[in-house]
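Residue numbering restarts at 1 for every chain, and letters A, B, ... go by the order of the sequence lines.
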There are 2 protein chains.
Amino acid sequence: MEKSEITIKDVAKLAGCSPTTVSRVINNSDHPVSSKTKALVKEAIKELNFRPNRIAQGLKSDKSHIIGVIVHDICDSYFAQMVKGIEEFISDYDYIINIYNTNRGIEKELHSVNMLKVNRADAVVFAGSTLLDEEYRKIMGEYVQNLKKQGTVIVGVTPHPFEIVNIELGNELAAQTITDYVLNKGHRKIAYVAGPKILNTSQQRSEGFKKALKCRGIEVDNRLIIRSDFSFEGGRKAALELLDNIDEVTAVVAANDATALGLMWELNNQGIKVPQDVSVVGVDDLPEAKYSYPPLTTISLPVYKLGKQIGEYLINKLHGNKIVDDPANVQISLIERGSVRDLL
Amino acid sequence: MEKSEITIKDVAKLAGCSPTTVSRVINNSDHPVSSKTKALVKEAIKELNFRPNRIAQGLKSDKSHIIGVIVHDICDSYFAQMVKGIEEFISDYDYIINIYNTNRGIEKELHSVNMLKVNRADAVVFAGSTLLDEEYRKIMGEYVQNLKKQGTVIVGVTPHPFEIVNIELGNELAAQTITDYVLNKGHRKIAYVAGPKILNTSQQRSEGFKKALKCRGIEVDNRLIIRSDFSFEGGRKAALELLDNIDEVTAVVAANDATALGLMWELNNQGIKVPQDVSVVGVDDLPEAKYSYPPLTTISLPVYKLGKQIGEYLINKLHGNKIVDDPANVQISLIERGSVRDLL
DNA sequence: TTGTACGCGTTATCAA
DNA sequence: TTGATAACGCGTACAA
């Protein structure tokens with residue numbers, strides 16, 4: 001049979017020593033090995049092109065080198081960028097990325113965590129906002145507890161209601177800041193296009209919007225708050241809904257860039273000029289935001305960089321480095337482009 | 001110590017039988033098990049919330065349930081969509097996706113394959129075009145052979161010079177078709193913005209463009225062929241390069257949508273109207289292509305669907321279904337929108 | 001400095 | 001119908 005893969009034994013045989021010695025060489029063990037045999041072993045490894053079987057190592061160590069990343073939608077560049085950042089960092093340390101695309105579905109999210117458990121993932125990243133569902137939280141809470149007991153390192157981006165390292169993305173502050181900017185430009189009748197109800201992020205950003213208004217003593221007009229779904233298509237629909245009240249509105253704050261982009265597109269499609277007729281802003285600073293007509297004024301949430309930071313944090317944790325700061329909270333910043341008209 | 005995970009032994013103990021029996025129940029073995037003990041075992045499994053350790057199963061079976069997907073850039077929606085399609089299909093069968101982001105780098109691609117080998121991936125998908133580099137091909141060829149010997153199922157999207165299942169994406173045909181469309185609208189002075197030299201896909205699409213011209217007996221003007229990199233930013237730069245000769249050109253064929261979008265943006269930025277002054281087309285039909293100004297006429301390459309098909313193919317192969325067709329070649333189609341002016 | 005023996009959790013083989 | 005045993009490939013006490 002030619003199906004036999006090369007194992008530590010083959011190396012040992014060729015090097016004329018025991019498998020134990022080979023193992024020691026592979027792992028740079030503290031245990032002394034004479035430089036002579038070490039050379040022999042290395043020779044044999046090269047000769048046979050031997051690479052230790054990770055599965056076997058995993059069974060022994062109860063570590064898989066798998067880092068699970070759960071995203072709502074990998075086609076959303078917000079998540080794609082974060083995944084890219086994580087992957088680029090951790091691959092240098094021979095960890096591997098295992099992604100799950102949940103489409104914000106509760107079932108799929110639970111399934112993902114289950115898979116990560118049975119595959120003994122070393123770490124898990126909840127890249128997206130948590131789902132606001134009681135049943136989900138209860139079950140997921142147990143699963144997460146279970147993972148933690150296994151020693152899995154868990155990180156959540158934006159607050160999750162589990163006892164894990166939560167990275168504050170400044171969602172509320174972001175929405176407040178961009179709304180404030182719009183207010184500073186003299187706008188007072190401002191519509192808001194919210195994200196999906198089930199996401200925590202939506203709620204936080206809505207809060208930020210309302211807070212900004214309240215600080216100025218401006219009443220929140222619920223007729224001007226539209227529920228959407230964080231997508232380009234959703235933004236388009238929101239624009240259509242907004243059409244009835246568009247005359248009394250001078251600006252629209254969208255809960256994220258994808259929505260803002262869709263909104264602008266449809267507004268333009270309807271013959272309404274941005275920013276001449278109505279101003280539009282978003283949150284996220286997606287790569288495509290600077291290429292819209294007009295370029296979108298927004299808040300930068302550097303998720304690619306955050307991905308790298310998460311990767312670094314995980315590696316430190318997994319390597320047992322004791323002095324490890326939690327991943328630094330991301331610095332948001334206002335990106336002023338051309339989608340807001342100055343009313344002053 | 002409370003670190004002990006629940007194993008098959010714990011279940012056996014609780015059910016009052018041997019681990020062997022438990023294993024038989026888990027795997028629905030042909031080997032007979034009395035319905036009484038079967039019930040007992042199932043009871044115990046539920047009671048203890050037991051799930052077999054995949055790593056241990058993997059060591060035994062030399063299968064990991066890992067499907068590796070190597071992409072050039074996960075932030076490119078072309079790849080994101082494909083990954084999504086694959087993931088959605090295979091996750092129903094409890095396989096897991098392991099992605100690698102190579103940025104078209106040779107080193108990283110080799111590293112990826114290495115990782116997939118040592119982790120005993122059951123299948124590997126080369127989601128992107130192959131790299132046109134002799135050294136790379138030689139080394140990668142060996143690696144791929146090696147994987148195949150292990151029994152890894154390997155699929156390549158667009159032809160790869162390895163003995164694997166290659167899915168023809170109709171790149172040449174796509175470029176030829178869209179160019180033909182432009183010709184049919186009466187355009188004769190047509191510029192072409194090519195993809196990166198190192199990608200096979202680039203070459204194929206370039207061929208398609210040239211073929212379309214040749215079929216009409218039109219000379220290819222090398223001054224009007226611009227090298228770019230398949231990105232939005234690259235498209236912008238290409239527009240700038242094109243500025244010198246823009247007067248003699250009535251249409252531009254971009255090798256992909258991202259490029260076309262960047263091109264249109266910069267053209268518009270420079271005060272050149274699309275399609276009034278110059279027409280622009282792309283290839284891919286990215287989600288964002290229908291939202292540009294004007295909406296982009298392009299060729300649809302349904303990569304999300306292709307991802308699903310690949311997933312299905314892999315599952316069939318991995319489950320040992322004998323009668324398995326290779327993944328159907330994707331049906332391309334012309335998407336006529338508003339970026340081409342009719343000169344006739 | 002080297003090697004032997006065992007175990008990680010599971011399953012295939014064989015015996016009962 | 002059930003179970004004891006060995007083995008997957010590796011790493012680690014322990015012994016030499």
Side-chain angles (χ1 to χ4, degrees), chain A residues 1 3-42 44-45 48-65 94 117-122 150-151, chain B residues 1 3-42 44-45 48-65 94 117-122 150-151:
Chain A
M1 301 304 144
K3 70 171 330 193
S4 59
E5 272 301 304
I6 290 143
T7 79
I8 209 173
K9 285 181 196 164
D10 302 315
V11 177
K13 204 168 291 173
L14 184 59
C17 67
S18 75
T20 305
T21 305
V22 176
S23 172
R24 295 205 251 255
V25 173
I26 297 170
N27 301 313
N28 284 317
S29 161
D30 298 334
H31 200 101
V33 177
S34 77
S35 53
K36 202 179 98 192
T37 46
K38 191 178 283 184
L40 248 52
V41 169
K42 284 186 172 169
I45 288 176
L48 298 173
N49 192 24
F50 166 78
R51 306 276 267 116
N53 180 335
R54 279 263 172 130
I55 298 190
Q57 290 181 317
L59 180 59
K60 193 65 186 133
S61 63
D62 204 35
K63 299 217 151 0
S64 61
H65 282 120
D94 290 357
K117 175 175 160 50
V118 300
N119 284 293
R120 296 294 188 275
D122 293 350
Q150 267 186 108
Chain B
M1 300 304 142
K3 69 171 332 192
S4 59
E5 273 301 303
I6 289 143
T7 78
I8 209 171
K9 287 180 195 164
D10 302 314
V11 177
K13 205 168 289 172
L14 184 59
C17 66
S18 76
T20 307
T21 304
V22 176
S23 172
R24 295 205 252 256
V25 173
I26 297 170
N27 301 310
N28 284 315
S29 160
D30 299 333
H31 200 102
V33 177
S34 78
S35 54
K36 201 179 98 192
T37 46
K38 190 179 285 186
L40 247 54
V41 169
K42 285 186 172 168
I45 288 176
L48 298 172
N49 192 24
F50 166 77
R51 307 277 267 115
N53 180 335
R54 280 262 171 129
I55 298 191
Q57 290 181 318
L59 180 58
K60 197 66 185 122
S61 62
D62 205 33
K63 298 216 152 2
S64 60
H65 283 133
D94 289 356
K117 175 174 162 49
V118 299
N119 283 292
R120 295 294 188 274
D122 293 349
Q150 268 186 117

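- Residue B/Ser64 comes nearest to B/Ala121 through the heavy atom pair OG-CA, 3.5 Å, listed as atom of the first residue, atom of the second, then distance.
- Whole-Å rounding puts the A/Leu59 CG to D/dC10 P distance at 12 Å.
- If you check every strand for non-hydrogen atoms under 4.0 Å, A/Pro52 touches sugar and phosphate atoms only.
- Between the P atom of D/dT2 and the CG atom of B/Leu40 lies a distance of 10 Å, rounded to the nearest Å.
- When the C1' atom of D/dC10 is taken as reference, atom CG of A/Asp62 falls 14 Å away, rounded to whole Å.
- For B/Lys60 and C/dT13, the NZ to P distance is 8 Å, given to the nearest whole Å.
- Proximity of A/Ser34 to the phosphate of C/dT2: a side-chain N or O atom is located under 4.0 Å from OP1 or OP2.
- In the region residues 19-29 of chain A, proximity to DNA chain D at under 4.0 angstrom, judged on heavy atoms, holds for A/Thr20, A/Ser23, A/Asn27.
- Here the closest non-hydrogen pair linking A/Ile55 and B/Leu59 is CG2-N, 3.4 Å.
- By the 4.5 Å heavy-atom criterion applied to side chains, A/Cys17 and A/Leu40 are not counted as neighbours.
- Side chain A/His31 to base D/dT12: no donor-acceptor pair is found below 3.5 Å.
- Inter-residue side-chain proximity for A/Arg54 and A/Asp94 is flagged as met; some heavy-atom pair is nearer than 4.5 Å.
- In this structure, A/Ile55 atom CD1 and D/dC8 atom C1' are separated by 10 Å, rounded to whole Å.
- Shortest non-hydrogen contact noted between A/Pro19 and A/Ile8 is O-CD1, 3.8 Å.
- Of the two residues near DNA chain D, B/Ala56 and B/Ser18, the one whose nearest nucleotide lies more 5' is B/Ser18.
- The residue A/Thr37 sits close only to the backbone: its heavy atoms come under 4.0 Å of sugar-phosphate atoms, none of a base.
- Residue A/Gln57 places no side-chain N or O under 4.0 Å from the OP1 or OP2 atom of D/dG9.
- Rounded to an integer number of Å, the gap from NZ of A/Lys63 to C1' of C/dG9 is 16 Å.
- Shortest non-hydrogen contact noted between A/Asp122 and A/Lys63 is OD1-CA, 3.5 Å.
- Protein atom CD1 of A/Ile8 is 13 Å distant from nucleotide atom C1' of C/dG3, rounded to whole Å.
- Atom CD1 of B/Ile6 is separated from atom C1' of C/dT10 by 16 Å (rounded to the nearest Å).
- Between A/Thr7 atom OG1 and A/Leu48 atom CG the span is 9.5 Å, to the nearest 0.5 Å.
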